[in-house]
Colleague: 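What follows is a structure written as structure tokens; I'll ask about it next.
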Amino acid sequence: MEGTAAQSRPEVAVCRNDSGHRPMDAHPIRTCVGCRRRDRQSHVMRVVARPIDGQITAVIDERRRLSGRGAWLHPDPACMETAVKRKAFNRAFRGPVDTAHFAASFHAYLERRDGRPVPTVLPESGSVPSWKPDEHPAMSAQR
């Protein structure tokens, strides 16, 4: 028998230090079901299949705590559209999954995550907000 297992599989030698533990800079890697690129787990969002109204539906697991099989997706509209178009969630969850309402919840999630205000009433034509988007509206009156 020539060499050790670490020598025959260099990826193991790179991922482990001498004590057998992963180094502190090693991060879990996940594959996006939309673009199929591999990325850190912290850079992708988890999607799970949940029974809603008698159908299995794809929903975003914001806290990454829901039970069951998960699929990973970049928080990018292009990845979401590609995954829905290619029926990647059906393959990831090993069965038919309803994605009809997934796009709306995906965009709502991005708005909440990015902290962008969701407009409830459209401004009138030609009107300009009295405060800048980067500052709080109550704070602009104190200047």
Side-chain angles (χ1 to χ4, degrees), residues 4-143:
T4 64
Q7 290 172 338
S8 64
R9 295 188 304 160
E11 68 275 1
V12 174
V14 172
C15 293
R16 307 274 179 189
N17 61 18
D18 292 336
S19 66
H21 297 290
R22 288 190 321 180
M24 293 302 289
D25 60 343
H27 301 280
I29 302 295
R30 300 291 182 256
T31 302
C32 173
V33 296
C35 65
R36 304 296 300 158
R37 284 182 301 166
R38 295 169 46 118
D39 209 343
R40 287 183 176 183
Q41 181 177 343
S42 60
H43 296 169
V44 290
M45 54 194 248
R46 186 170 187 255
V47 180
V48 295
R50 309 296 309 162
I52 299 175
D53 296 332
Q55 289 186 324
I56 304 297
T57 306
V59 296
I60 298 170
D61 184 6
E62 293 186 35
R63 297 179 64 209
R64 299 179 185 202
R65 298 290 185 266
L66 294 176
S67 64
R69 186 174 183 84
W72 299 88
L73 183 69
H74 282 114
D76 180 9
C79 286
M80 185 269 307
E81 291 170 6
T82 303
V84 171
K85 184 177 86 174
R86 292 182 181 168
K87 299 185 180 185
F89 293 113
N90 293 348
R91 283 190 300 279
F93 297 127
R94 299 177 179 168
V97 178
D98 180 30
T99 56
H101 301 289
F102 182 70
S105 64
F106 178 82
H107 290 295
Y109 167 79
L110 290 181
E111 289 175 356
R112 282 193 313 273
R113 187 196 71 164
D114 295 341
R116 295 180 300 193
V118 179
T120 54
V121 177
L122 295 175
E124 293 180 18
S125 177
S127 66
V128 178
S130 60
W131 53 278
K132 296 177 185 172
D134 295 338
E135 65 183 30
H136 192 275
M139 302 301 282
S140 62
Q142 295 177 354
R143 288 188 179 182

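Throughout, residue positions are numbered sequentially from 1 according to the sequence presented. The structure displayed is predicted, hence computed values, not measured ones.
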Colleague: I'd like to know whether NE2 of His43 has more than 12 heavy-atom contacts from other residues, nucleotides or ligands below 6.0 angstrom.
Modeller: yes

Colleague: Please work out whether the ring planes of Phe102 and Phe106 are parallel, tilted or perpendicular, with thresholds of 30° and 60°.
Modeller: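 Ring orientation of Phe102 relative to Phe106: tilted.
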
Colleague: How long is the straight-line distance from CE of Met45 back to OH of Tyr109, given to the nearest 0.5 Å?
Modeller: 5.5 Å

Colleague: Do any N or O atoms from the side chain of Asn90 and from the backbone of Val97 form a donor-acceptor pair under 3.5 angstrom?
Modeller: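 Side chain of Asn90 to backbone of Val97: a pair is present.
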
Colleague: What heavy-atom pair brings Arg50 and Ser67 nearest, and what distance separates the two atoms?
Modeller: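 Residues Arg50 and Ser67, closest heavy atoms: NH1-O, 3.0 Å.
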
Colleague: Might you work through the side-chain contact (heavy atoms from CB on, under 4.5 Å) test for Phe93 and Ile56, ending with a clear yes or no?
Modeller: CA-CA 10 Å; Phe93 297 127; Ile56 304 297; over 6 Å; no

Colleague: Check whether any side-chain N or O of Asp61 sits under 3.5 Å from a backbone N or O of Leu66 as a donor-acceptor pair, and report yes or no.
Modeller: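 Yes, because the side chain of Asp61 sits within donor-acceptor range (under 3.5 Å) of the backbone of Leu66.
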
Colleague: Asp39 versus His74: any side-chain heavy-atom pair under 4.5 Å?
Modeller: yes

Colleague: Dump the intermediate steps for side-chain contact (heavy atoms from CB on, under 4.5 Å) on Phe89 and Val33, then the final yes or no.
Modeller: CA-CA 7 Å; Phe89 293 113; Val33 296; 3.9 Å; yes

Colleague: For a 4.5 angstrom cut-off between non-hydrogen side-chain atoms, does Val48 reach Arg69?
Modeller: no

Colleague: Is the closest side-chain heavy-atom distance between Thr31 and Arg36 below 4.5 Å?
Modeller: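 Yes, at least one pair of side-chain atoms sits under 4.5 Å.
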
Colleague: Kindly say whether Glu62 contributes a backbone atom to a donor-acceptor pair with the side chain of Arg113 at under 3.5 angstrom?
Modeller: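 A pair under 3.5 Å: no.
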
Colleague: More than 12 foreign heavy atoms under 6.0 Å from CZ of Arg64: is that the case here?
Modeller: yes

Colleague: Might you work through the side-chain contact (heavy atoms from CB on, under 4.5 Å) test for Gln41 and Arg46, ending with a clear yes or no?
Modeller: CA-CA 9 Å; Gln41 181 177 343; Arg46 186 170 187 255; over 6 Å; no

Colleague: Are side-chain heavy atoms of Val59 and Ile52 found at a separation under 4.5 Å?
Modeller: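 Yes. Closest side-chain heavy atoms under 4.5 Å.
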
Colleague: Hey, mind stepping through Leu73 and Met80 against side-chain contact (heavy atoms from CB on, under 4.5 Å) and telling me if it holds?
Modeller: CA-CA 7 Å; Leu73 183 69; Met80 185 269 307; 4.2 Å; yes

Colleague: Would you say that Asp76 contacts Cys32 through its side chain, given a criterion of any heavy-atom pair below 4.5 Å between the two side chains?
Modeller: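 When only atoms from C-beta onward are counted, Cys32 and Asp76 do not touch, as no gap falls below 4.5 Å.
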
Colleague: Is the shortest side-chain heavy-atom distance between Ser42 and Arg30 below 4.5 Å?
Modeller: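 No, their side chains stay 4.5 Å or more apart.
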
